[in-house]
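Heads up, the thing below is written out as structure tokens.
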Amino acid sequence: MMAICTGCSLLCEDIEVDFKDGRISTTKNLCRKGLGRYRSLYTERASPRVDGREAGLDDAISRAAGLLKEAKRPLLFGWSNSTLEAQSAGLDLAQKLGAVIDDTSSFCQGELLEMVLKGELPTCTLDDVRNYADMIFYWGSDPSNSHPRHMSRFSYYPRGEKRQRGYDEDRTAFVVDVRLSPTASMIKEGFFKLAPGGDASFMESMLAALGGKIPRLQDKKKVIAMVNTMKRADFGAIFPGLGLAYSMKGRMDILKRLVDGLNETSKYSVIPMVGHFNMRGFNQMLFEKTGFINRVSFADGVEHGPKQSIIEASKSCDVALIIGSDPISALPGGVARSLAKIPTIVIDPHRSLTSELAQVIIPSALSGMEAGGSAIRMDGVRVEFEPIVQGGGSLPDVEILKRIAEAV
Amino acid sequence: MLSVMEIYQLTPKTNCKKCGLPTCMAFAVALLGKEKKVVDCPPLMEEAKYQAKREKLIEAMAPIEGASETGLIIHEEKCYGCGNCVVACPVNVANDPKGTALGFGPTNDKAILVVEDGVVKCLNVEECRRFGPNKILCNACTATCPSKAIEFV
Ligand code: SF4
Ligand code: SF4
Ligand code: SF4
Ligand code: SF4
């Protein structure tokens with residue numbers, strides 16, 4: 001049967017799955033990363049627990065509701081691996097509780113995505129890229145690892161309406177990174193290696209070349225040649241990744257100036273390489289509701305700021321609900337220490353370091369396989385999906401959240 | 001990848017012609033082209049003094065003998081299943097304008113390269129431009145692989 005993959009924010013829709021004795025036997029078109037997501041159906045699954053002991057699902061849900069009800073400043077964190085339906089139920093719960101809500105974008109692609117959602121950076125869909133782009137630019141991103149089918153499905157290799165002749169004649173690619181990544185190894189002539197943290201000054205030298213000046217840094221001739229090629233392109237797409245997000249934190253105005261400059265003579269769009277399958281969905285939904293993409297407290301109207309980020313809020317909150325995320329292994333140690341001091345509720349299909357420390361564990365169905373719903377692809381396109389296997393006793397995230405909200 | 005010279009170094013280098021070829025160098029070329037097997041060299045197989053060479057040659061030839069008729073070797077453990085090779089292969093594209101040409105998985109069963117269970121697989125090898133006597137030295141698939149998971153011998 002046909003299925004979609006929730007292994008990354010490309011949400012590939014052409015996956016063929018065969019079953020044998022109720023289990024997945026073979027898959028077609030799924031990349032290795034996506035296969036890992038599918039195989040995780042059968043490994044490290046979570047089961048309901050309360051205070052370190054096995055419990056029934058109903059007990060776990062009512063204990064979670066009890067903890068949240070008593071909390072003075074509850075924190076609801078995660079969300080990028082949940083469906084839009086679950087995210088919406090989570091927002092309702094946050095408002096009802098007057099809670100702080102934040103997601104993983106808070107420490108990765110948030111800044112960039114916010115600029116895209118606010119219209120500060122022009123954007124387009126990946127289908128536009130496939131049909132029209134003759135210039136693609138990976139900056140601090142390595143799709144071969146993070147989004148394995150990005151280049152074959154959309155950016156470089158496929159034929160499109162205006163790009164019928166294939167990548168070697170129709171498209172040019174550049175890669176900027178601090179190391180010769182697997183992606184860069186395919187695009188050797190278009191690869192620029194930067195020193196760590198060198199993104200801003202490299203961008204400045206591109207801006208200089210764009211303005212007809214001699215760049216002060218880097219390999220001058222190569223930068224000038226690149227910028228001239230970029231100016232001549234009909235349709236360019238820039239894919240910034242985590243490398244750029246970390247290196248340019250707080251200085252994204254330079255990127256904006258570069259994109260604006262390129263758009264004076266050509267057409268350039270930016271699509272941030274968000275990782276988890278529905279991070280953009282959460283950011284978009286919160287933005288529509290509050291004008292902010294993350295770090296919001298509903299305690300007193302809508303408050304936004306660094307105090308409401310997971311990093312700070314984990315210190316000031318007295319209960320945390322963590323859904324579809326493993327902050328204890330993914331975030332700096334300070335967050336782990338703070339979370340270890342307060343009661344935590346984990347909703348997740350899998351066991352994790354975070355769930356090891358949790359007071360309450362509520363297992364959930366794996367979205368895309370056991371649970372249907374919808375999600376927003378990295379480029380803003382909405383994708384809907386149906387479950388392809390039985391949930392094996394776990395409820396979809398949305399049901400769990402609704403039941404918690406009812407019991408609060 | 002193994003070169004003709006490296007293989008030649010592991011033959012007896014006596015040009016005895018028992019393999020049916022005029023020289024050991026010709027035998028090395030034939031080994032690389034998969035037209036001969038190590039066992040086709042009687043002295044190497046039978047004479048004790050070539051034991052070390054024999055073992056080394058058999059070991060060196062193992063991946064080549066496991067390659068497809070076009071000489072394609074797949075290192076599954078390195079493959080990301082990214083599909084670059086599938087979409088870049090000109091034969092796949094010509095045979096499937098609504099599928100692989102547009103970046104999707106194959107929509108018919110003519111594809112040479114497909115991704116199954118997260119790794120690349122070679123089917124319909126006779127369709128490959130490198131197949132048979134009139135072969136063209138196409139390398140669109142290996143050139144677009146980010147992890148060197150596929151190569152030609
Ligand atoms: S590229 Fe992403 S969505 Fe597509 S199959 Fe791989 S992991 Fe799944
Ligand atoms: S049989 Fe062996 S030793 Fe004799 S010519 Fe052929 S390869 Fe060389
Ligand atoms: S050599 Fe060419 S025709 Fe053969 S599989 Fe590779 S890309 Fe396709
Ligand atoms: S062989 Fe290379 S190009 Fe083909 S799917 Fe595997 S990693 Fe990608």
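All values reported here derive from a predicted model rather than from experimental measurement.
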Of all heavy-atom pairs between [X] and [Y], which one has the smallest distance, and what is that distance?
X      : Y      : result
A:M186 : B:T144 : SD-O, 2.9 Å
B:F104 : A:R153 : CE2-NH2, 3.9 Å
B:P106 : A:N29  : CD-OD1, 3.6 Å

Which region of B:C85, side chain (C-beta onward) or backbone (N, CA, C, O), has a non-hydrogen atom less than 4.5 Å from a non-hydrogen atom of chain A, or is it both or neither?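 Interface part for B:C85: neither.
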
Quick one: pull up CZ in A:R32 and CD in B:E77 and give me the separation to the nearest 0.5 Å.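 Separation between the atoms: 8.0 Å.
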
At a 4.5 Å cut-off on heavy atoms, which part of [X] comes close to chain B: side chain, backbone, both, or neither?
X      : answer
A:S25  : backbone
A:E13  : neither
A:R130 : side chain
A:D168 : neither

Taking the side chain as every heavy atom from C-beta outward, state whether B:Y80 and A:K33 have any atom pair closer than 4.5 Å.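 Contact flag for B:Y80/A:K33 side chains = no.
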
Around [X], counting heavy atoms of other residues, nucleotides and ligands shown, do more than 12 lie under 6.0 Å from its [atom1]?
X      : atom1 : result
B:E47  : CD    : yes
A:K222 : NZ    : yes
B:K135 : NZ    : no

Sort out for me which residue in A:P148, A:P143, A:C31, A:P182 forms a side-chain contact (heavy atoms from CB on, under 4.5 Å) with B:C82.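 Passing option: A:P148.
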
Only one of B:V86, B:T100, B:V87 passes side-chain contact (heavy atoms from CB on, under 4.5 Å) with A:Y157; say which it is.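 The single option meeting the side-chain contact (heavy atoms from CB on, under 4.5 Å) with A:Y157 is B:V87.
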
Among A:D14, A:I15, A:T26, A:T27, which residue forms the greatest number of heavy-atom pairs with chain B at distances under 4.5 Å?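 When all of A:D14, A:I15, A:T26, A:T27 are compared, A:T27 has the most.
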
Based on non-hydrogen pairs under 4.5 Å, which of A:P158, A:S144, A:S152 is most in contact with chain B?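 Heavy-atom pairs under 4.5 Å are most numerous for A:S152.
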
Selection from B:S147, B:G83, B:P146 maximising heavy-atom pairs under 4.5 Å formed with chain A: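 With the most close heavy-atom pairs to chain A, the winner is B:P146.
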
Residues in side chain to side chain donor-acceptor pair (under 3.5 Å) with A:Y138, at least two apart?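 Residues passing side chain to side chain donor-acceptor pair (under 3.5 Å) with A:Y138: A:H150, A:S155.
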
Members of residues 111-122 of chain B whose heavy atoms come closer than 4.5 Å to chain A: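 Under the 4.5 Å heavy-atom cut-off, B:V115, B:E116, B:D117, B:G118, B:V119 qualify.
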
